[in-house]
Structure formats: structure tokens, C-alpha cells
Amino acid sequence: MSELTLAQSLNGALATSLESDERVVLLGEDIGRTGGVFRITDGLRDKYGAGRVIDTPVAESGIVGAAFGMAIAGLRPVAEIQFLGFSYPAYDQIINHVARIRNRSNHRFTAPLVIRIPFGGGIGAAEHHSESTEAIYAHIPGVKVVVPSTPADARGLLLASIEDPDPVVFLEPIRLYRAVKEEVSELYYTTEIGPLRVEREGNDITLISWGAMIKEIRAAASILEETGASVEVLDLRTLSPLDHEGILSSAVKTGRVVVAHEAPRTAGLGAEIAAIIHEGALYSLLAPVRRVTGWDTIFPLKRSEAHYLPSVDRIVMAAQEVLEA
Amino acid sequence: MSELTLAQSLNGALATSLESDERVVLLGEDIGRTGGVFRITDGLRDKYGAGRVIDTPVAESGIVGAAFGMAIAGLRPVAEIQFLGFSYPAYDQIINHVARIRNRSNHRFTAPLVIRIPFGGGIGAAEHHSESTEAIYAHIPGVKVVVPSTPADARGLLLASIEDPDPVVFLEPIRLYRAVKEEVSELYYTTEIGPLRVEREGNDITLISWGAMIKEIRAAASILEETGASVEVLDLRTLSPLDHEGILSSAVKTGRVVVAHEAPRTAGLGAEIAAIIHEGALYSLLAPVRRVTGWDTIFPLKRSEAHYLPSVDRIVMAAQEVLEA
Amino acid sequence: MFSLINPDGTVRDRLPLTLEEMRGLYADMVEARTYDHKCMAMQRQGRLATYAPFEGQEAAQIGAASALRPDDWVAGTYRDAALMWRAGYGWHLLIAGRTGDERGGAPPEEVNVLPPSITVGGHMIHAVGLAWAESLKGTDRIALTSFGDGATSEGDFHEAMNFAAVFNTPTVFLCQNNGFAISYPRSEQTLSESIAIKAEGYGLPGVQVDGNDVAAVATVVREAADVARRGGGPSLIEAVTYRMGPHTTADDPGRYRDEGEAEEWRERDPLQRVRLLLERAGGWSPEWQEELEVRATNRIEDAVAEAEALPEPTVAEMFGRMYEVPTGPLREQLKEAGQ
Amino acid sequence: MFSLINPDGTVRDRLPLTLEEMRGLYADMVEARTYDHKCMAMQRQGRLATYAPFEGQEAAQIGAASALRPDDWVAGTYRDAALMWRAGYGWHLLIAGRTGDERGGAPPEEVNVLPPSITVGGHMIHAVGLAWAESLKGTDRIALTSFGDGATSEGDFHEAMNFAAVFNTPTVFLCQNNGFAISYPRSEQTLSESIAIKAEGYGLPGVQVDGNDVAAVATVVREAADVARRGGGPSLIEAVTYRMGPHTTADDPGRYRDEGEAEEWRERDPLQRVRLLLERAGGWSPEWQEELEVRATNRIEDAVAEAEALPEPTVAEMFGRMYEVPTGPLREQLKEAGQ
Ligand SMILES: Cc1ncc(C[n+]2csc(CCOP(=O)(O)OP(=O)(O)O)c2C)c(N)n1
Ligand SMILES: Cc1ncc(C[n+]2csc(CCOP(=O)(O)OP(=O)(O)O)c2C)c(N)n1
Ligand SMILES: [Mg+2]
Ligand SMILES: [Mg+2]
């Protein structure tokens, strides 16, 4: 065990899989010499060679398409796209090929690859560097979408994703890369893809999110508890497939739900989660599920970032209204 | 006035705009010599010349990116992508540039272009030719998403889209291109982008859809009315921005809602519509909003198509359960 | 443009193939054309979904496939049935696919031919990844990807060529330049003198070959495959041919090309020139032709029967194909679907 | 490689520019470098978000912009501040953008310079559309797009070059090959001998020019612009230069390049060679240098002051920028945001 940030934990998980599975190869822009723009692959090229930790030309469709071919041929590629905002040139490869080869070939060919993508805002970055378009990936049948929010989950979920026989879009919360440290085992372990994590148990209201927003709902929960409310906090961890039972059992228990995400509201995953809850637990609800989200605007530049990001205050206010309803 | 199919009406609207606005140019694969795979631009190249009705190389990102540049420079380009399943190579151009230039330039530069895309299944087509991924476009701030389901709306909405100062993704229901004929005026008229169309008024239950599924919910409504239910049928017509008031006032009136779409359920627009209704009309609801959708599978090939497409029966059964709830 | 056999069947140059090999290639082309005609007929009868005929391109496809090793990878398109079949895919599976059945996408375990790519452009880079994986694994398998002249305009062509070059992957890029992308002529698709010349922009060799000359295609593809297999890297081959039929059964070529052009290409027919060559060399007889056609027809009929005998695909199979293990939401939805 | 001025300031060949023109270009490069250094300093002080320095590329950018007409279109990148400024964009707006303010994206009405593209690759095709529109409108405006060596690997580069060629749009493609795409060296980015040679794959002319020679760049860009303006079509120019600083303020070049290399390039500095040339021609004096630097510093300081004087951006402005007329959901959300 050692105290690791989420970034260090991902680096360790990649090292472990390179170590334990010779089929694993990493490819992406600047992941070799520099260890990637966020240093997640730091040191891996020196240790495992430029043949397994591969710097590529600037071409996202090429990176994903090549990794896809590698996966079909029996390797376990882990591709990195530098930011979610730069994943769109690869969207065609992902939805039309990566997600479909098992179906197209009736299981004869499969694509066990992982596409790692840093996402989310909060660091005052340039345009396109703060995206949270997870919904457009969660809407694709044939891929899984995984989002860790803790160092321990990061390791377990990444190793599980690399082991998974189907393709995984692995979204990494930029804001949390170095925000928290926790004890992470050096052992090889996996965290099951699918089940959500109950971060905190409570009875009056459920706060749901994933990725970097976990920090905000956690803070909101603490504030709410000071006012005497018993708050349950859920970290979805997997956005596709969604853990319907986990979501519903909490909603049924508390009867009050707030779901928070950075993505724009319209057609964001908050809508899906609200729909699941209303369909499966309407008669247990004491108030409508409330969405606290990014606005239906483009993620703004640094000076306006605070205008956009769902704040702890907004979550607390929404929760209080839901509690009073 | 003359009796036109939806396809003929679109052709007429394009002719009208080429006639009345010299800034209008059409570009896309095979739209010139052949008039497009669905013949929507039939005859336009002969009439308006290869300089305004432009056959392009096979490159969707190029088509949209070039149209985007043309729009910034003051033209009114109408780009055609052959099928929604082939729009993904252009997704980066649409979400990262087309949707963002007004924001990026604080209104200094704008992109008034229309991207026409046939969509939906039901014709036993090859892989990728039956997609309904409207949600990934409706999730993009900065573009509008319009879907006509009648010949008259097709003309009014297409002319409105070409007039619109902002970019419009214009989705055309393949299954309806030649399914219906109705009287369409030759005059220049626009149908406002945004407001939904109440196709039929009723008091007991609301059926909501768009595009080709309007045919199915219409048929379902007739069957339900035979059993004595008074059914309201809503054609959303615009998927972004959604007509919240229109949706809510009907939901409040009937208290029972079924939303149907061909897209996979998870993160489909049915979730957004259900969320809007639960947030805005929960206390008027007599049952949870019910989604009748495509499954979370890849749209299958011809022999399995009927297994996937939401049928009139499925809609009727769902509506009956909602009516009994 | 590299070629070996003239349209009149005379040989331009020493033929690097034996008479037996030429007879084999001819027999394969006859079988392929029989399949193509059968599919066109079946589509008219409503027994197939849209079909993309390859008549006129038999030499490019059979020639290329004949130059591969049985364990090499192939990633082709909706128009590459002859190529895929010759590489081991099986007519019955190709037909099943065209009837609209996903089970047609699964060749036998030992056959490394991907189901056809329906999107234009996306699959070329897959062949780069396949070949790259083989070299990382230390095998000497190569990957061949086949695509059309139109596909060279897609950004993915560029990224695939560049990756193949930069990472020296054993990939053979075979462009069947059949003159059109649906209605759009090659002359407008790009202003480069040839498609082969595009290879230079990636520091790769490119060669133009008479795509209606099966011996020439077989020769250049074998050469390219050998180089790749030896670690010599990828290359681009432009097989110049012509699509004799419509783009698909939904297309009307009369709208964009003068059928006189097709007639001129008839004289360059890939089968005829080999028949004349074999005849001159005493390797062809009407009886043998008869024999080939009968055998081909029987094989295709058997394949049709096999494809059409597949049981109705079920809802459960549709759901089951999404992941190795069905997800929770899929299991719920399967119940909802009444299964 | 085309060049006119040697690193030591001697002229290789008749200089097609007057002494006054050279003095003007030099003054502009001095001002650009002053801006670049100021931004690096401001970023360290936390007054700017990440900044992408262009030191070493002044000649490529100032030379290119000097060859354009004030109403021509320009579509460049995050590293093209000097190019954009010389084309009329305004330092204060460039700085505003880097402080994280969308108002920095709006040049004056008469200036046809797009705000910088942050995504790599996507903007080249925009310049094709811009130029295409001008020729359809019958003007003789052209569009210049600037991009890096790394951008040439994106599929969009390929589609842009092909569209420009096929539709003969008056577009000038200027690649500033500065040796790196972040950490990835040009030598690995592509195996083609040069980037200029890639033009051949599209049937277009391509030329390689010393990107640190402002006269050479100005000359080839003017030539390309004139051809395009006369309807002669697009072309590709590769300006060979070097990024003296880090990729951005977040980057550490020590991880991937030997700084000795940077030192060698110092001797090919784009400003120094012009200073030596002017000195020899009696067009330079320490006083004038002093004057230029003072003027540049004052202008940049004024621009900084102007950018930093912008009022706090409001929530309403953020919502207001989405569409010409705010949509219903946006109006509702604006209320929810407490406005
Ligand atoms: C990404 C994409 N865009 C458009 C299409 C529609 N389409 C199908 S075939 C075709 C033309 C392809 O021409 P070419 O590459 O020359 O192949 P050919 O059909 O001539 O064999 C087009 C545009 C598609 N299938 N995929
Ligand atoms: C589509 C896309 N992919 C990746 C990135 C991240 N990125 C920013 S700059 C850069 C390198 C670009 O190199 P080059 O084109 O040579 O331009 P330079 O920075 O050297 O001026 C990369 C990969 C991006 N901005 N956009
Ligand atoms: Mg073709
Ligand atoms: Mg560079």
C-alpha cells in the first residue's frame, strides 16, 4: 500500500498491466517521451520500450482505428486521447467500428481496447479542454463508459477495463488527478464495471454524480448534514451500463434525489438517471428528481468558468428545495 | 398548392431558396448529377448550375468544414450528408467549430448553414443506414436540430432553417420521404423553429414523438381511440431547442405520457423529455412517463429489423398500461 | 501502368505465372462472376437487400487475394465479395450478409477476413492496426486493405497511410479505382495524376497496375506482400479498373455516365483476355468452360441454399451480440421485449 | 529550399523588397517578439491562462501576413498571434483571449481574421470554404490558413487540400514546420521528405521556404496569394522554422529535446539576420533599435491595459453568445442562474 494521487494510481495500473500482460500496448500523442500532457504514462516508455508505449502522429481517428485493429488481432491496446474535446475526430471510429465489430461479426471478431480520455473543467483551460460530453459515448451500444473518482477505484477500474472483453471509454477527471491522495494497493485487483459506489449512506436525500463532481456533492453532503439531513452520496463510476438497481434502491430509500453533472443539461446523463428513477421509483418519490448541471452553453473560458460549473452552493440550494418539497 | 410527398416538398423548398436567395449553395456527395441518393436535389443542378449545386469528393468533414467557411463568408450553404450514420466523420466540425464560432468570436462571426441528413430505419437498409442518433446533436449547445414529419412542415421548416442566423442540423425521416402526400403551397413560407405541432388533441393521454415515428404514434392513437381513450399526439418538430411549454401543457392536461423514438433508450431524447415532464409536471402526472424506444442494441440488419423498431403494438400496449396506472 | 496481358490475350512480357496458375485464376473469376450475376438476380427477386456488384473488377479482387497467404488479414468493402471469398470467407456467408443477417459477418476461425466495411474510409486504418499487431507479436502475417477511388478522399485514408509509413506496418493498400464514387468520376475526386502517386506524400512506394489484368495484379500484390512480410514496409497499389454495373442495385448509372464508356471497357474484360490467352496456350476448351460454369453455378446455388436455410434470427441473438456478457439494462430490456 | 537572406545577413540573391519594406518587417518582428516575451512573463505571474509562444517563428508569421491584402481571410492557430496581429487583429484582443475572455475572439468588422483555432487540423478546411465563398461571390479575396507540422497528420488536412484543389479555391496553405508537435519531432510525424511535397498528392504546387527568412517568406506567400487571386488555385508553402520556446507554458522541452539544438537555431534567428542586413545597408542604428523597442513596449503595455480593463464577463453574456436569439430553455436556465 502507498499513498497515491489518482494520476499516480493510473500510472501504476498501466505499469502493472504492461508488466503482467504482454498483449498490452499504449499509444497516443506525447505519451512516450513526455509521459503525456498529464504525465499519466510518465516513465513507462523508458521502462517498457517505445514499441509498447508509442508516441503517435497527431491523428485521433488514426489512433483509435489502429488500436481497434490491434485489438482485433489479439493485443490489448490502451489508447490515450489528450482531451475529451479532441476525441470527436475519433467518434466515427468508436461508434461505427469499435462498438460494432462484435455485432457485425456475430462475436467472431471483438475489440477489447481501452480509450483513456481526460475530461471535465475547472482548471481554467483553453477552449475544448474542459468538455464533459460523456452522454454521447454512453448513448453508444457496444461500448462501456467508465469514470473513476478515487485513486483506488482508478486502479481497479482501469485494470478491469483492460481485462474487459469489450471496448471501454475510460474518462479521467482532470480536476481530481492530483486533488486527492489515498492508500492504493500495489497488488493486481479489479473493480467491477457496472456497480456504483455508495460513497456515503443516508436516508433523507440521495446525491448522484461521477468524476470530478463527486468532490462537489461530497462537500454539499457535509453542508447538508450540518443542517441535520441524512445524505446518501452515490458515485456512479460506470456510465454505461448504468447501475439501475443501485440507483433505484437508493431513490426508493430516500425518496429525494439530486443528480449533478458538468455537461450541459439538455440530453445530458442527468436526464437518463432522472428517467430511470421516475420510471422505477415514482411512487416512492417525495419530490421530482432535480438536475444540477452545466448550462446549455459552451463551456466558457477561464474568466467565466465559475459562471458555468455547478457549484457546491447550487447543489446545496437544490437539495434544500428538494428536502422541503 | 399541389399534392407533394415529403421528398418533393424538400426539393421544392430547396428550389425556392436557390431561386430567392443567391447566397444559397448546395453541396454534398452525389447531390448534383444524380440528385442525391434519395433524389431530394433532383433537377437542381441542371436548373441552378454546378456552381451552386455542388457534387463533392467523399469527405464528410470536408463538406461540413467547407460549408462552415462559406457560411462565415456570407453564403447560406445547405450541406447534405448521405445518411446519419455517415455524419460522424463531421461530428468534430459540427461540435467544435460550427456550433462554437458565434461564442468563440463573441458574435463577430456566425455560421448560418444547414446540414441536411436523412435518418431512421425501416427500409431494411445496410449497416449504418438506419441510425437515429439525434440525441448526440441535440446535446450540442450552439446548433439547432429540426425534424419535419409532414410535407408542409418540411417546406416551412427547411426554409426557416436556411433563413436562421444559426446553424441547423436538419434531419429527414427516410421512411416518410414518399410515404405521404399532402397539399403544399408553392409560396415562400416558414414554419417557426421551436414550437411543437399538436397533431391531434386529446385529454386522456399524450403520445410524443418526431420524424418517422409520428406515423406509428398516429396509428397507435387511432387504435387507442377505438377503445374510447382521448389521445393527444405531439410532433416535436424541433429537437433543439425543445418546446418545454408545449410539452408541459399537454402533460399537465392529460397526466399520462408516452414518448416514442427509434434511437436506443439509454441517453436518448426520451430521457430528456421524461425529465422535463417530471420536473415541470410531476404533481399532475397520473403515471410515470413511459418510454417506448429502440433497444440498447445496434440497429440490426434487415432480417431482424422488426425485432428492433418500436412497433404500433408496443406503443399501444405501453399506452394502455399507462392509462390503467 | 504495369500490365502483363493485353486485352486481346497476347502477353506483353514474360508471364511470371504458370499455365495452371492462370487456369486457376480464370476458374476463380468465372465463379466470382457467376456469384455476382446471381446476386443481382436475387436482389431483383427481393431475396437480397441492396447489392453492390463487382462485375469488371474480378481480376483486381481475385488477383489480389491469390497473392495472399491463408492466414493474412483482409479488410475490404461492400464491393469486395470476390476478394473476400478467394481469401476464404465463403459465399454462403457473403450471401447471408446481403440478406440482412449478422451471422453472415462471421467467417471460420482460421480465416482472418473482416466482414465488409460499409462506411467508406474507416477500415483502412484497421488494416494498419492488424498488421502492426502482427509485427509486434513477431509473426510475419500481413494485412491487405481494399478500398475505392472515392475512399481516398476521406481523412481516414490519409491517417492510415501516414501511420502505416511511420510505424512501418506490413500493410498493403489496394485501391480499386473503378472510375466512380457512385456518380462522382475519378477525374473530379482528386486532381492528382494518379492515385498511386499519393503514396509519395507519405514516403511510400506506389504503383499503378492494370486492374483488369489478373496476372499483373497478382504479381504486384505478391511483390508488395513479400516486401511487407520481410519488414520492408507498406505500399499503395492502384488497380485501374471499371465498374461495369450500377453502384448498387439502387443506382441508375444512366444519370451520370454514358454507357458507351462501359461498352469500351467490355473489350478490356478481365475474363475474356485470360480466356484468349489460355486458348492460345491450349489451356482452354469449350468443354472446360462449360464445366467451370456448371461447377460455379452449383457452388453458388448451394451457398444460396445454405444462407437461406439459416433459421430466423431471434431477438435474443440481437441482444446477445452487444457484449460478451449482456449488461443489466440489456437483460431488463430483453424481458421487456417479451423474451 | 527557397531563401533570400543568409543567417549572417548577407543576401543570397536579388532582394525583391525595398529597404523601407525590410525596415517595416523588422519593426513588426521586434514588436511581435516583445509581445511574446510579455505574454510569457504575464503567464508566469498568473495573469494569463496557458500561453503558446512563437519565438523563432516571427519571420514566418510577419512575412506571411505582410503579403496579404487587408481584406483577405486568415485562419490560424493558437500560435499565430504575430500573424493575426499583422493581419489586423489587435494585440489587446489576443491578450484578452489568453486571459480567458471570449471577447478576445472578436476582431473589428473590417478585419477578416478568425479567432485562433485551438483544435489541430479542423480549421484548414474553413479557409477552403472562406476562399470558395469569395470566388462564388466574385470577389478576388483569398484565404490563408496557417498550421503546424503536426496538423498535417490530421485527416482534415487531407480533406482540405483535396477540396481546395478540386474546387480550385483561392487558398494559401502555410505550414509552419517548427520541428515539433509538442514532443513529437517532425522526423517521426511523417516519412515524406518534406511537407511541401505532400502537395503533389493533390495535384498542387508545394514550396519549401526558409521560415526564418522574412523576405523569403513574404516573397513566396505574395507569389502564392497573387496566383490564387488571379484564379490560379491553391498551393502549399512549408516554412521551415523552429520553436525556440516550450510548446506552451505547461510544457517542458527538456523531456524530449536537447537544448543544444535550440542554441544552433539561435544563430538562424529571424530578427538578427535582418538587423545585420539593415546595418550593412545603413538602415539600422542602436538609436532606432531603442526607439522600436520602446514603441513596441508601449504598444504592448497599452494592449495589456486595454485587455485587463475589460469589465468582468457576465453570466448573461455567456448565455447570450449561444444564438442570435436566446432559446426558450436558455432563457429558463438564465433565470435559474439567478439573472
Ligand atoms: C463515410 C461514408 N460516406 C458516404 C458513404 C456513402 N457511399 C457509399 S459507397 C460511396 C462511394 C464510394 O466510392 P469508392 O470509394 O470509389 O468505392 P466504389 O463504390 O466505387 O467501389 C459512398 C459515397 C459511406 N458508405 N460512408
Ligand atoms: C484535434 C486535436 N488533437 C490534439 C490536440 C492537442 N495538441 C495541441 S497542439 C498539438 C501539437 C500540434 O503541433 P503542430 O501542428 O506542429 O503545431 P505547433 O504547436 O508546433 O505550432 C497537439 C497535439 C489538439 N489541440 N487538437
Ligand atoms: Mg470507385
Ligand atoms: Mg509544430
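Convention: sequence-line order gives letters A, B, ...; per-chain numbering from 1. All values below were derived from every heavy atom in this structure, side-chain atoms included, with hydrogens, water molecules and symmetry-related copies excluded.
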Worksheet entry | Heavy-atom contact with chain A under 4.5 Å, split by part of B:E131 | side chain

Item to complete: Indicate yes or no: at least one non-hydrogen side-chain atom of B:V289 is less than 4.5 angstrom from one of A:H278.
Response: no

Worksheet item: Going by an N to O cut-off under 4.0 Å, is there a salt bridge joining B:R104 and A:E127?
Response: yes

Worksheet item: Within a strict 4.5 Å, meaning less than it, do heavy atoms of the B:Y91 and A:I95 side chains meet?
Response: no

Worksheet item: Between B:P89, B:A274, B:A90, which shows the greatest number of heavy-atom pairs under 4.5 Å with chain A?
Response: B:P89

Worksheet entry | Side-chain touch A:I136/B:H139, heavy atoms, less than 4.5 angstrom | yes

Worksheet item: What is the minimum heavy-atom distance between B:A267 and A:A135, and which atoms define it?
Response: CB-O, 4.1 Å

Worksheet item: What closest approach, in Å, do B:Y283 and A:A287 show between heavy atoms, and which atom pair accounts for it?
Response: OH-CA, 3.7 Å

Worksheet item: Quick one: what part of B:A325 sits under 4.5 Å from any heavy atom of chain A, side chain, backbone, both or neither?
Response: side chain

Discussion item. Heavy-atom pairs under 4.5 Å with chain A: which of B:R100, B:R290, B:E279, B:R265 has the most?
Written reply: B:R100

Worksheet item: Any ion pair linking B:E272 and A:R291 (charged N to carboxylate O, less than 4.0 Å)?
Response: yes

Worksheet item: If you count heavy-atom pairs under 4.5 Å between each of A:I298, A:D296, A:L242, A:L282 and chain B, which one has the most?
Response: A:I298

Worksheet item: Which residue out of A:T266, A:I277, A:I140 racks up the most heavy-atom pairs below 4.5 Å with chain B?
Response: A:T266

Item to complete: Look at B:I94, B:N96, B:L285, B:I273 and state which one has the largest set of heavy-atom pairs under 4.5 Å with chain A.
Response: B:N96

Worksheet item: Counting heavy-atom pairs under 4.5 Å to chain B, which of A:L301, A:L269, A:T297 comes out on top?
Response: A:T297

